[in-house]
Amino acid sequence: MPRQIDKAYSHSEVESPWYARWSEAGHFSPLRPNGHPFSMVIPPPNVTGSLHMGHALNNTLQDILCRYKRMDGYNVLWIPGTDHAGIATQNVVERQLAERGMTRIQMGREKFVEHVWAWRAEAGNTILNQLKALGVSCDWTRERFTMDERLSVAVREAFVRLWEDGLLYRAERLVNWCPRCGTALADIEVVHEESDGHLWYIRYPLLDEPSEGLVVATTRPETMLGDTAVAVHPEDERYQRFIGRKVCLPIVERPIPVIADPFVDQQFGTGSLKITPGHDFNDFEIGEKHGLKVIGIFDDEARINPSAFREEKTGPQSWLSRYALKDRFEARRLVLEELEEKGLLVKREPYRHAVGRCYRCSTVIEPYSTPQWFVKIKPLAEPAIQAVKEGRIRIIPDAWANSYFAWMENIKDWCISRQIWWGHQIPAWYCKICEASNITNQRDRTTTAGFRITPEAKPIVQIRPPSVCAKCGGGEFLQDPDVLDTWFSSALWPFSTLGWPERTEDLKTFYPTSVLVTGFDILFFWVARMIMMGLKLMGDIPFRDVCIHALVRDQEGQKMSKSKGNVIDPLVMMSRYGTDAFRFTLASMTSIGRDVKLAEERIAGYQNFVNKLWNATRFLLMNVRIPLQEPLESPLKTEELNLADRWILSRLAFTTDQARKAIDSYKFNEFAHYLYQFTWHEFCDWYIEMSKLSLNGTLRTDNPVKTQRVLFTVLKQVLLLLHPLMPFVTEEIWRTITSEGQNGFSATSERESSIMLQPYPKVDEKWIQPEAEEKVGFLTEVIRAIRNLRTEMNCPPSRKIEVVLFAPENDIAFLKSQEPYLRALARLASVKYISQGERPKKAATAVVGTTEIYLPLTEMPNLREEGMRLIKEVDKVEIELARSQKKLSNQDFLTKAKEEVVEKERKKAEQLEDKIQTLNRSLKKIQDLQVEAGP
RNA sequence: GGUCGCAUAGCUCAGUUGGUUAGAGCGCUUGCUUCACAUGCAAGAGGUCGCAGGUUCGAGUCCUGCUGCGACCACCA
């Protein structure tokens with residue numbers, strides 16, 4: 001008995017059970033120890049995260065690759081996991097504490113970290129569960145977290161090795177400081193944003209001649225409290241007489257020198273520049289050159305730090321009490337107010353400039369001098385550049401390679417220490433006795449550690465805490481309070497997740513990983529650093545291919561953001577349209593290197609495709625009416641196939657070939673497109689329609705069982721081809737059509753019965769038949785032309801009519817042999833063939849190649865309409881012919897173009913001429929008839 | 001300021017080394033209760049390939065300039 005399935009596909013019923021079944025059956029773990037390894041690591045989402053479109057796209061693409069490779073016989077490993085995301089997570093948890101009126105400072109470090117762990121245990125893996133809904137086939141038995149004990153060992157190991165190789169150092173430097181997060185940031189963690197500000201002009205009077213002075217221009221007047229010089233260009237004629245003299249810094253009344261430095265742009269502002277080495281990167285450099293003092297005027301929260309001014313001559317000045325502990329923006333207001341009072345504020349101009357902000361909280365970054373840990377990056381960058389230059393790592397699309405080189409070549413030392421609590425604490429200890437003088441109490445500041453370790457202190461860097469000081473024999477140590485940049489641990493991800501530093505089997509088998517699929521937004525943050533660390537610590541690249549995909553935007557091309565309210569929630573899309581439709585949409589819109597503009601209608605459109613596939617299946621199941629003599633699996637023999645069979649199998653082979661090529665080169669959109677095109681328009685629109693003639697006996701000579709076998713063969717291959725894109729519906733259908741007792745197929749185990757582990761289709765050469773494709777191409781064109789004529793002549797589909805075909809003998813012979821298709825698909829009562837002599841008088845005309853199609857107008861004498869139509873058609877063809885003839889009359893074209901191109905053009909012109917002739921002949925007849933009929 | 005990318009149908013985009021009539025999806029128009037599917041079937045309309053030059057027998061495709069949009073990088077106060 002034929003099996004029945006529902007008329008409409010219901011994703012909610014079909015999708016849900018499969019994931020658990022796959023997972024329980026162990027299909028996601030490496031299953032083919034002898035297969036060629038294919039491995040990927042997931043770009044670990046932040047534990048704080050929840051699934052957004054970016055994740056959905058990223059993981060869909062990865063899953064497509066994994067499922068494809070797994071089916072294709074590879075030993076596939078895809079490692080999932082999450083990132084502890086130091087600052088981001090700490091911020092989230094702190095915000096939650098704040099809602100309960102608590103701060104982490106009140107809690108203390110140990111309790112706070114415990115609290116974050118507890119929070120993570122409770123809520124941290126939401127995103128992984130959301131990923132499962134997407135159908136991702138990660139190996140969950142190998143799930144990792146960047147703060148797992150084993151990964152923490154890897155982090156310490158990496159740190160120690162870099163230290164021992166002289167690639168780490170600790171130094172007091174101006175760094176990007178986020179006063180809100182209370183930590184240093186790396187350069188790339190600062191987002192530069194244009195914003196409207198002001199340029200303030202301030203007079204600095206000469207110390208010995210107060211009536212004279214220099215006017216400086218600044219966007220940050222409050223930093224003047226830390227000025228230690230004023231600089232002018234050495235060749236600036238206006239200021240020659242000031243160079244070497246001293247000005248009196250207003251408010252503080254600090255005497256500071258006027259120095260000459262070519263860095264100063266004479267054109268900008270007044271041409272004299274205030275120098276604040278403590279709070280400006282340029283000024284810091286100039287200060288170093290000129291031996292200027294660095295005065296840090298702020299504390300960790302960017303408030304005026306009174307102790308910074310202890311050394312000022314005027315002692316605990318009266319002005320200081322106004323400024324002490326004032327926030328930098330409040331301080332700015334006060335400074336401006338005071339300068340105004342003193343008549344030293346010359347003018348104010350509106351000014352647009354870039355302001356650096358924290359990438360985690362958007363607070364304006366303060367350049368701030370603090371002791372930090374740095375990675376000496378050049379020695380790491382060099383080999384990383386080479387690896388890409390030499391093609392050992394391919395960046396796809398290669399346009400991104402340029403960005404990669406540009407960044408790597410200008411890279412600066414990487415600040416890896418963070419003054420937060422959530423993360424890997426730096427494995428460096430200080431002997432409390434030896435370093436007593438270098439450990440300073442910082443109670444007058446708000447530093448969260450409560451102390452600071454000067455850059456002179458000698459750290460003991462090792463994996464475990466030391467027990468005895470080698471120098472003094474002391475046993476008490478202070479661990480460096482800083483934690484590592486989150487990206488330090490993610491840089492190790494491709495090997496730390498495989499068990500490094502232990503030499504595990506996984507590492508041996510799966511490193512380097514095959515491909516990394518990621519967004520361009522973390523190319524520098526993550527990809528570049530993985531390459532550097534992989535090369536350094538593993539001595540090998542971390543992955544061969546880097547497949548960079550774009551951002552998901554809304555349909556207007558805007559970034560999706562909560563504040564804009566244009567966020568499309570993947571979970572909502574999945575439940576509304578089905579995961580398969582959603583995944584298919586993402587893939588079909590992913591043209592590498594281009595942003596994905598997502599509109600909900602598209603997803604709805606592909607839901608129809610899923611339904612189409614479902615109904616094709618339904619058709620097949622309904623038409624297996626007779627008991628099968630032989631199992632459907634038996635190979636198809638070329639000699640028993642008819643033209644349509646050979647055609648669809650040839651198209652299937654073509655599609656298989658194209659699909660493989662597309663996916664092999666990460667062209668996900670093409671992959672989806674070829675399969676969509678074939679499934680809907682070739683298989684469903686044409687072949688299934690044609691097969692009905694065999695199945696219902698119209699084609700008496702054809703064997704319906706053979707046709708059923710072709711149908712099932714094609715459907716099964718389509719399912720296999722589509723599975724990476726649409727895992728759920730393909731599995732459901734697969735099991736339905738291959739289930740026990742059905743069609744002679746019997747699976748002996750869960751593993752055998754899942755579509756996930758079937759071999760991915762390969763091109764079967766014997767199915768490629770250009771001759772069948774050409775013939776069916778001709779046949780369908782004729783059918784289309786007839787349908788077109790019918791529509792144009794308002795001939796309803798229900799009315800069966802006769803057409804006359806005028807063609808050369810061989811075409812007629814062919815068309816006669818295919819007449820059942822003509823009649824059924826063009827809805828004809830009969831076909832008349834003429835190879836010479838008179839064409840019908842009263843008929844609508846169309847031309848396909850050398851075949852003329854006449855649709856008699858006896859019953860629908862709409863001569864005027866047909867006349868107009870023909871005129872239009874002739875016009876069109878004549879334009880084309882003219883273009884072709886122009887080419888052919890060009891001597892240069894005839895001599896210089898390739899022979900086959902010229903030959904093609906000749907044939908084309910010939911055909912067009914014939915066509916015009918035919919059309920004109922018909923037109924003449926129509927016009928004659930119109931005259932006969934009278935006005 | 002530097003670098004890179006993009007501009008093709010109403011919308012979103014394909015278009016491989018230059019070579020028949022530039023394609024798809026969605027949308028639109030018209031007709032159809034055709035025995036898998038109205039989440040459908042059939043037919044159709046719609047494009048000076050951003051602008052201006054150049055190379056070439058031939059340019060959506062290669063080169064130059066311009067315009068517009070976008071991204072990334074950047075210490076000019």
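Keep in mind that the numbers below use all heavy atoms, side chains included, and drop hydrogens, waters and symmetry copies. Just so it is clear: chains get the letters A, B, ... in the order the sequence lines come, proteins before strands, and each one is counted from 1.
For the pair A:I688 CD1 and B:C37 C1', the computed distance is 10 Å after rounding to whole Å. The CD1-P distance, from A:I522 to B:A71, rounds to 19 Å in whole Å. Whole-Å rounding puts the A:L894 CG to B:C57 P distance at 13 Å. Nucleotide B:G25 holds its C1' atom 19 Å from the CZ atom of A:F678, rounded to whole Å. One interatomic measurement links the two molecules: CG of A:N669 to C1' of B:G23, which rounds to 13 Å at whole-angstrom precision. Protein atom CD1 of A:I786 is 17 Å distant from nucleotide atom C1' of B:C41, rounded to whole Å. Note: CD (A:Q885) to P (B:G58) measures 19 Å, nearest angstrom. Remark: P of B:G40 and NZ of A:K612 are 7 Å apart, rounded to the nearest angstrom.
Considering only the side chain of A:D892, B:C57 comes nearest among B:C72, B:C57, B:C41. The side chain of A:Y676 lies closest to B:G25, out of B:U34, B:C57, B:G25. Of the candidate nucleotides B:A36, B:A77, B:A43, B:A43 has the atom nearest to the side chain of A:R787. Nearest nucleotide to the side chain of A:F520, out of B:A42, B:A36, B:A71: B:A71. Of the candidate nucleotides B:A77, B:C57, B:U39, B:A77 has the atom nearest to the side chain of A:F263.
For A:E194, the CD atom is densely surrounded, since the number of other residues' heavy atoms within 6.0 Å is greater than 12. Within 6.0 Å of atom NZ in A:K907, 12 or fewer heavy atoms from other residues, nucleotides or ligands are found, so the atom counts as exposed in its surroundings.
In terms of position along RNA chain B, the nucleotide closest to A:H673 lies nearer the 5' end than the nucleotide closest to the other residue of the pair A:H673 and A:A616. Place A:V190 and A:C684 on RNA chain B by their nearest nucleotides, and A:C684 ends up nearer the 5' end.
A sub-4.0 Å separation between OP1 or OP2 of B:A43 and a side-chain N or O of A:R784 is present. Taking only side-chain nitrogens and oxygens, A:Y351 comes nearer than 4.0 Å to OP1 or OP2 of B:A77. Contact annotation: A:K412 side-chain N/O to B:C75 OP1/OP2 distance is under 4.0 Å. The side chain of A:H681 places an N or O atom within less than 4.0 Å of a non-bridging phosphate oxygen (OP1 or OP2) of B:G25. Phosphate contact (OP1/OP2 of B:U12, side-chain N/O of A:R602, threshold under 4.0 Å): absent. Between A:N788 and B:A42, a side-chain N or O to OP1/OP2 separation shorter than 4.0 Å is absent. Side-chain nitrogen and oxygen atoms of A:W680 include none within less than 4.0 Å of the OP1 or OP2 phosphate oxygen of B:A36. Remark: A:N608 is in phosphate contact with B:G40, judged by side-chain N or O atoms under 4.0 Å from OP1 or OP2.
With a cut-off of 3.5 Å on both pairing distances, B:C76 has no Watson-Crick or G-U wobble partner at all. Across every strand in view, B:G5 sits in a pair with B:C69 that passes the Watson-Crick or G-U test at under 3.5 angstrom. With a 3.5 Å ceiling on both atom-pair distances, the Watson-Crick or G-U wobble partner of B:C26 is B:G10. If you check B:C62 for Watson-Crick or wobble pairing at under 3.5 angstrom, you find it paired to B:G54. B:G31 is paired with B:C41 under the Watson-Crick or G-U wobble criterion, all donor-acceptor distances under 3.5 Å.
Ring geometry for A:F678 against A:F683 counts as parallel: the plane angle stays under 30°, on a 0 to 90° scale with 60° as the upper cut.
Annotation for A:A217 and A:T270: closest pair N-OG1, 4.2 Å, computed over non-hydrogen atoms.
A:A217 comes within 4.0 angstrom of a nucleotide base, judged by non-hydrogen atoms across all strands. Across all strands shown, A:V610 has no heavy atoms under 4.0 Å from either base or sugar-phosphate atoms. When heavy atoms are screened at a 4.0 angstrom cut-off, A:T219 is found touching the sugar-phosphate backbone but no base atom. A:N696 comes within contact range of no nucleotide atom at all, as no heavy-atom separation falls under 4.0 Å.
We find the CD1-CG distance between A:I275 and A:N282 to be 8.5 Å, quoted to the nearest 0.5 Å.
There is a side-chain donor-acceptor pair under 3.5 Å between A:Y201 and A:E349.
With P as the reference atom, B:A14 and B:U8 are 10 Å apart, rounded to whole Å.
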Could you list, one pair per line, each protein nitrogen or oxygen that sits under 3.5 Å from a nitrogen or oxygen of nucleotides 17-19 of chain B, together with the distance?
none

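In terms of polar N and O atoms assigned as donor or acceptor, the side chain of A:E689 never comes within less than 3.5 Å of the base of B:A42 in a complementary pairing. On a pure distance criterion of 3.5 Å, no polar donor-acceptor pair joins the side chain of A:K7 and the base of B:C37.
Without hydrogens or angle criteria, A:R583 side chain to A:L725 main chain gives a donor-acceptor distance under 3.5 Å.
Two rings, from A:W400 and A:Y404, have their centers 6.0 Å or more apart.
A salt bridge links A:E222 with A:R220; the closest basic N to acidic carboxylate O contact falls under 4.0 Å. For the pair A:D261 and A:K289, the salt-bridge criterion is met [side-chain N within less than 4.0 Å of a carboxylate O].
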